[in-house]
Undergrad: 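What follows is a single structure, and I will ask about it in a moment.
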Amino acid sequence: MVRYVYDFTEGGRDLADLLGGKGANLAEMTRLGLPVPLGFIVSTEACRAFLATGTEPGGMSEEISRRLSAVEADAGRRLGQPDHPLLVSVRSGARFSMPGMMETVLDIGLNDDSVLGLAKASGNERFAWDSYRRLVQMFGSTVMGVEGALFDRIMTGLKELRGAPDDLHLDAADLAELVEAYKQLIHEETGDHFPQSPAEQLRRAILAVFRSWNGERARLYRRREHIPDDLGTAVTVQRMVYGNLGADSGSGVAFTRDPATGRPGLYGDYLPNAQGEDVVAGIRNTVPLAELERFAPDAHHQLRDHMVTLERHYRDLCDIEFTIERGKLWMLQTRVGKRTAEAAFTIAAELADEGVITREEGLTRVSGGGLARLMFPRFDTSTIDEPLANGIPASPGAAVGAVVFDSAEAVRRAAAGEKVILVREETTPDDLPGMVAAQAVLTSRGGKTSHAAVVARGMGKVCVCGAEQLAVDTASRRFTTGDGTIVEQGTVISVDGSAGAVYAGAVPMTDSAVMRYLETGERPPGVVDTVARALELADGLRRLEVRANADTPADAVRARRFGAQGIGLCRTEHMFLGERRKLVEEMILARDDGARTRALDALLPLQQQDFVGILEAMDGLPVTIRLLDPPLHEFLPDRTELAVRIAATEARGEKPNPRDVELLDAIRRMHEENPMLGLRGVRLGLVVPGLVAMQVRAIAQAVVERTRAGGAPQAEIMVPLVGDVTELRLVRQEVEQVLAEVSDESGVPVHCPVGTMIELPRAALTAGLIAEEAEFFSFGTNDLTQTTWGFSRDDVEAAFFSAYLDKGVFAASPFETIDREGVGRLVEIAVAEGRATRPGLKIGVCGEHGGDPDSVHFFHASGLDYVSCSPFRVPAARLEAGRAACSEATTSDTR
Ligand code: ADP
Ligand code: MG
Ligand code: MG
């Protein structure tokens, strides 16, 4: 028999798949002996079954009744009991935390009778009505689908009528009036009544939480965070504890370390006389955790102890929700907390220094994605004027953009290519699309744990929150600063999420300290030092080598500074551009061998000097040079332009330039419907006489020149787009012949390994044969992805990728993260069959996937020797290759 419901005493954090993160951690805290209100968890399995069939799985409701009876027995009263009701919360919680993305309903069990019982039993009428109006609102919006803003409007209207600055100034009669207005609203909007039966409330709330898994917000969040759509949410049902019972009650959130910087010390916000989300919703100003001591000294003390216990137990930064009911502390949630990249490096290093975790474990807790974020520029503080406003530095980084005041406008402008900053009083989950679209988020309310702050940090987005001097007027689309400056929609501002400052205009940026370290080796203590240590550790552990894709000496020098161990892809096509284009044209137009040879002879010394520069920059390290890959017509002038020029000349009655006519003729002859699948790569080398010989001679002579200069050049020659071993054999014969000639002529023996790219499915599938001729393989995963899927990147990305992501065909773009099942399988086949033919065959990847954190783990697992990526991604690839080596079997988070 399948079980769908579990007690807090039965689970633990290892059961997060089944119980969701929230449920599993509540169970874990219960087992640690922390004060957690009693409850039970309906499993994700039940949710999946419900979402698949649309009906409750058999036996679930009986199990829920049984567990509820146990909670009732413990409390000594029944759910909704009229004279003294037990109330419960119904909370969502998936395997991965999705803060605020799904629904939670508090105070279930209240109705027109039991609200009176609660008032009497608690001796606090206002509290009872406050709880009831919360239930009607949450139930009305979450379960019955009434737009949340409509409730807010009623509440705001009443506050204005009473001249009440906030909810605390509404009394019991006001709140009772609100309940009536809310119930009427529900009836008007749905034609249905707010249910009075506590059992019905509970059942419908549970199903609504299940359904909220497929809500639009939740889907969008999952797509962004690469969380699978089929996990489902668990539902936690838990006895209510009350933070809204008066001044000695309240609710709060806290972190065991600073989630923005990683510095040790407890951080948090507390809101007296408040329930649930009030503390993060910015309805009133919160007090810092340290001041909790004034309100509830014992609870404050206990909370500190529990936080230490939790951090020790989880061996990581924990974030916590708690409530104080008449001086007594209750723990309502904990989880390993989200943090900025800076905090991740700092916390990992500190916990390792403290001996709490091993160095290797520390490495698994930082990520290439985080490192990449730390390499972004920051504002140049030397040029900054006085800020427009200061707020809480909630998520670091620097962003410049035009001010917008709502999510839709942010999305609209961003889609048109504009950089925007979303400014709100506070954000709600409905603002998510706008936050995604914006460069930064700025709010006038809320602390480090507000919705804006938590979500922005999770996205790695710049955020300043709680900038209280700002008066945000969303309706007229402007804000006013402390000194009365008015900033209208569309005005450009700069937001510094590391300092918590907001500036007028576009402040210039400077490199990050981490970038400076990578460029110069300058290594101040603090986050730079922790990054450096993590990279050193990764370098010591990793099995994958990391090379760079670089075509110029300048790129090669930078790549080397960033730790590249060679060049995995040196493209030669740019060497055919600029002024040299003329020579390429002549080569293409040549009517006989003589003319062609003259053109190639003129190109040769130029190419040779390019190679000398790169081999010098990478002296002692391998440089894989790819023979010319793109179709030749890419080097010819634009067809239309040329045709127009000729026509215009003729129209004037003049004779067009004969060279133009010849060129146009060549362009027409060489036109291809699908250039990507046309005359390019090795095919060019086989049909354009002398092209391969010229390039190889340039390489070989560069090697000779560098050797004579005392260098240690290590050129490798790579043939692109091979599909059949014979293609490679023919080119290779020519290569070997030229190498031998140059060796003879110069007296300097030139040995260059000759290998091939594997970028066609046929190459992967015949890798065993190709390996007979190839001294190395390098996966060109861009073309391999295009040819495996049968789509051309330039055509498909704009046309339908976002639809494919929406519909869940892709979890991520296969051009960003390797498609393990398809393209990855071809990689695995080629590795196995290539090495079966030629044991020890050197294999790398030179598509941009080589710098994608998730893909790096795949290439590690596939037994590749190296990855190669653009210079800026080299540090992240080093880090991820190290992580892959120390978390061999685990699927580590690379975000
Ligand atoms: P989310 O996942 O959006 O944080 P939660 O399930 O944690 O949603 O609940 C929303 C708010 O309600 C939180 O502040 C939480 O602490 C509070 N809450 C949940 N259950 C209870 C309860 N049984 N008693 C008091 N407060 C609760
Ligand atoms: Mg919560
Ligand atoms: Mg290619």
Side-chain angles (χ1 to χ4, degrees), residues 8 19-26 29-30 35-42 68 71 74-75 79 85-110 127 130-131 134-135 137-138 141-142 148 202 205-206 208-209 212-213 215 217-218 221 233-245 249-255 268-271 273-283 286 303 318-326 328-335 337-338 427-430 432 446 449-451 453-455 458:
F8 287 174
L19 306 182
K22 194 181 290 168
N25 287 321
L26 281 167
M29 286 201 289
T30 303
V36 176
L38 203 61
F40 55 86
I41 305 150
V42 188
L68 179 64
V71 177
D74 178 79
L79 181 69
L86 170 73
L87 306 187
V88 296
S89 63
V90 170
R91 316 176 64 185
S92 56
R95 165 80 182 81
F96 301 104
S97 108
M98 298 165 52
M101 291 305 126
M102 288 177 296
E103 307 294 354
T104 282
V105 183
L106 304 181
D107 303 311
I108 295 231
L110 279 176
F127 150 73
D130 184 49
S131 302
R134 289 170 189 270
L135 170 64
Q137 163 160 12
M138 279 186 262
S141 57
T142 300
L202 177 61
I206 291 172
V209 171
S212 72
W213 174 258
R217 264 171 15 214
Y221 185 87
T233 180
V235 180
T236 295
V237 178
Q238 187 174 26
R239 203 189 89 207
M240 282 301 298
V241 290
Y242 307 110
N244 51 339
L245 262 171
S249 305
S251 76
V253 288
F255 291 87
D269 298 309
Y270 179 72
L271 193 61
N273 202 1
Q275 193 178 64
E277 236 114 62
D278 294 355
V279 63
V280 293
I283 58 159
T286 56
L303 179 66
C318 292
D319 82 17
I320 287 161
E321 287 176 5
F322 64 93
T323 278
I324 294 174
E325 177 181 315
R326 294 197 162 139
K328 167 147 178 53
L329 173 69
W330 291 98
M331 304 294 281
L332 288 174
Q333 189 174 318
T334 192
R335 65 181 165 217
K338 292 190 192 288
T427 62
T428 69
D430 291 332
L432 195 67
T449 50
S450 64
H451 177 266
V454 171
V455 174

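Remember, it's 1-based here, ligands and their atoms both numbered in the order they're listed. Sequence positions, counted from 1, serve as the residue numbers for this chain.
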Undergrad: If you measure every N or O of T323 against every N or O of ligand 1, does any of those distances drop under 3.5 Å?
TA: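 No; every N/O pair is 3.5 Å or more apart.
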Undergrad: Classify the contact between M240 and ligand 1 as side chain, backbone, both or neither, using a heavy-atom distance cut-off of under 4.0 Å.
TA: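 Contact part for M240 vs ligand 1: both backbone and side chain.
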Undergrad: Is there a side-chain contact between N244 and S131, using heavy atoms and a 4.5 Å cut-off?
TA: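 Yes, at least one pair of side-chain atoms sits under 4.5 Å.
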Undergrad: With a 4.0 Å cut-off on heavy atoms, is E103 touching ligand 1?
TA: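 E103 does not count as a contact of ligand 1 under the 4.0 Å cut-off.
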Undergrad: Just to confirm my output: which protein heavy-atom neighbour is closest to atom 21 (C) of ligand 1, and how far is it?
TA: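 Nearest protein contact, heavy atoms only, for atom 21 (C) of ligand 1 is S89 OG, 3.5 Å.
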Undergrad: Should E103 and R217 count as an ion pair when the cut-off is N to O under 4.0 Å?
TA: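 Yes.
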Undergrad: Within the distance-only criterion (no hydrogens, no angle test), does the side chain of Q238 pair as donor or acceptor with the backbone N or O of P37 below 3.5 angstrom?
TA: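 Judged by distance alone, yes, a pair lies under 3.5 Å.
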Undergrad: In terms of residue, atom name and distance, what is the protein heavy atom nearest to atom 17 (C) of ligand 1?
TA: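 The closest one turns out to be G276 CA, 3.7 Å.
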Undergrad: For atom 10 (C) of ligand 1, what is the nearest protein heavy atom, given as residue, atom name and distance?
TA: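 Nearest neighbour among protein heavy atoms for atom 10 (C) of ligand 1, to 0.1 Å: E277 OE2, 3.2 Å.
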Undergrad: Looking only at protein heavy atoms, which one is nearest to atom 19 (C) of ligand 1, and how far off is it?
TA: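 Protein heavy atom at minimum distance: R91 NE, 3.2 Å.
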Undergrad: Do Q275 and ligand 1 have an N or O pair less than 3.5 Å apart?
TA: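 No: no nitrogen or oxygen of Q275 is under 3.5 Å from one in ligand 1.
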Undergrad: Starting from atom 15 (C) of ligand 1, find the nearest protein heavy-atom neighbour and note its residue, name and distance.
TA: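 Protein heavy atom at minimum distance: E321 OE1, 3.0 Å.
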Undergrad: Which label fits Y270 and F322: parallel for a plane angle under 30°, tilted from 30 to 60°, or perpendicular past 60°?
TA: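 Parallel, since the angle between the ring planes stays under 30°.
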Undergrad: Report yes if some N/O of L332 lies less than 3.5 Å from some N/O of ligand 1; otherwise report no.
TA: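 L332 vs ligand 1: no N/O contact under 3.5 Å.
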Undergrad: Minimum distance, heavy atoms only, to atom 23 (N) of ligand 1: which one of R239, M98, E325 is it?
TA: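 Comparing heavy atoms across R239, M98, E325, the nearest one to atom 23 (N) of ligand 1 lies in R239.
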Undergrad: Suppose we only allow N, O or S atoms; which atom of E321 ends up nearest to the Mg ion (ligand 2)?
TA: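 For E321, the N, O or S atom at the smallest distance from the Mg ion (ligand 2) is OE2.
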Undergrad: Looking only at protein heavy atoms, which one is nearest to atom 18 (N) of ligand 1, and what is the separation?
TA: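 Atom 18 (N) of ligand 1 sits closest to the protein heavy atom L106 CD2, 3.6 Å.
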Undergrad: Check for a donor-acceptor pair, side chain of S89 on one end and backbone N or O of V105 on the other, with a separation under 3.5 Å.
TA: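 The answer is no, because no donor-acceptor pair under 3.5 Å joins these two groups.
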Undergrad: Select the closest option to atom 8 (O) of ligand 1 among L87, T104, V88, judged by heavy-atom distance.
TA: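 The residue whose heavy atom sits nearest atom 8 (O) of ligand 1 is T104.
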Undergrad: Can you tell me if, anywhere in Q333, an N/O/S atom lies at a distance from the Mg ion (ligand 2) that is smaller than 2.8 Å?
TA: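 Yes, since at least one N, O or S atom of Q333 sits under 2.8 Å from the Mg ion (ligand 2).
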Undergrad: Check side chain to side chain contact (heavy atoms under 4.5 Å, CB included) between A218 and all other residues, then give those that pass, not counting sequence neighbours.
TA: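 Scan of A218 (side chain to side chain contact (heavy atoms under 4.5 Å, CB included), adjacent residues dropped) gives M98, M101, M102, R222.
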Undergrad: For atom 5 (P) of ligand 1, what is the closest protein heavy atom, and at what distance to 0.1 Å?
TA: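 Of every protein heavy atom, K22 NZ, 3.2 Å lies nearest to atom 5 (P) of ligand 1.
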Undergrad: Check whether any side-chain heavy atom of L26 lies under 4.5 Å from a side-chain heavy atom of M331, and answer yes or no.
TA: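 They are not in side-chain contact.
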Undergrad: Side chain or backbone, does S92 bring an N or O within less than 3.5 Å of an N or O on ligand 1?
TA: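 N/O-N/O distance below 3.5 Å does not exist for this pair.
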Undergrad: Would you say the side-chain atoms of D130 and Q275 include a donor-acceptor pair closer than 3.5 Å?
TA: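 Distance-only check fails for D130 and Q275.
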Undergrad: Is any N or O atom of V241, backbone or side chain, closer than 3.5 Å to an N or O atom of ligand 1?
TA: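 There is such a contact, yes.
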Undergrad: Are I41 and F8 packed together at the side-chain level, in the sense that at least one heavy-atom pair is separated by less than 4.5 angstrom?
TA: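 Counting from C-beta outward, I41 and F8 do come under 4.5 Å.
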Undergrad: Heavy atoms, side chains only, cut-off 4.5 Å: are R134 and D107 in contact?
TA: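 Yes, at least one pair of side-chain atoms sits under 4.5 Å.
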Undergrad: Do V241 and L332 have side-chain heavy atoms sitting under 4.5 Å apart?
TA: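 They are in side-chain contact.
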Undergrad: Say whether, by atom type as modelled, one donor and one acceptor occur between the side chain of S92 and the main chain of T104 under 3.5 angstrom.
TA: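 Checking the backbone N and O of T104 against the side chain of S92, no donor-acceptor pair under 3.5 Å is found.
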Undergrad: Which bit of V253 is near ligand 1, meaning a heavy atom under 4.0 Å away: side chain, backbone, both or neither?
TA: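 Looking at V253 and ligand 1, no heavy atom falls under 4.0 Å.
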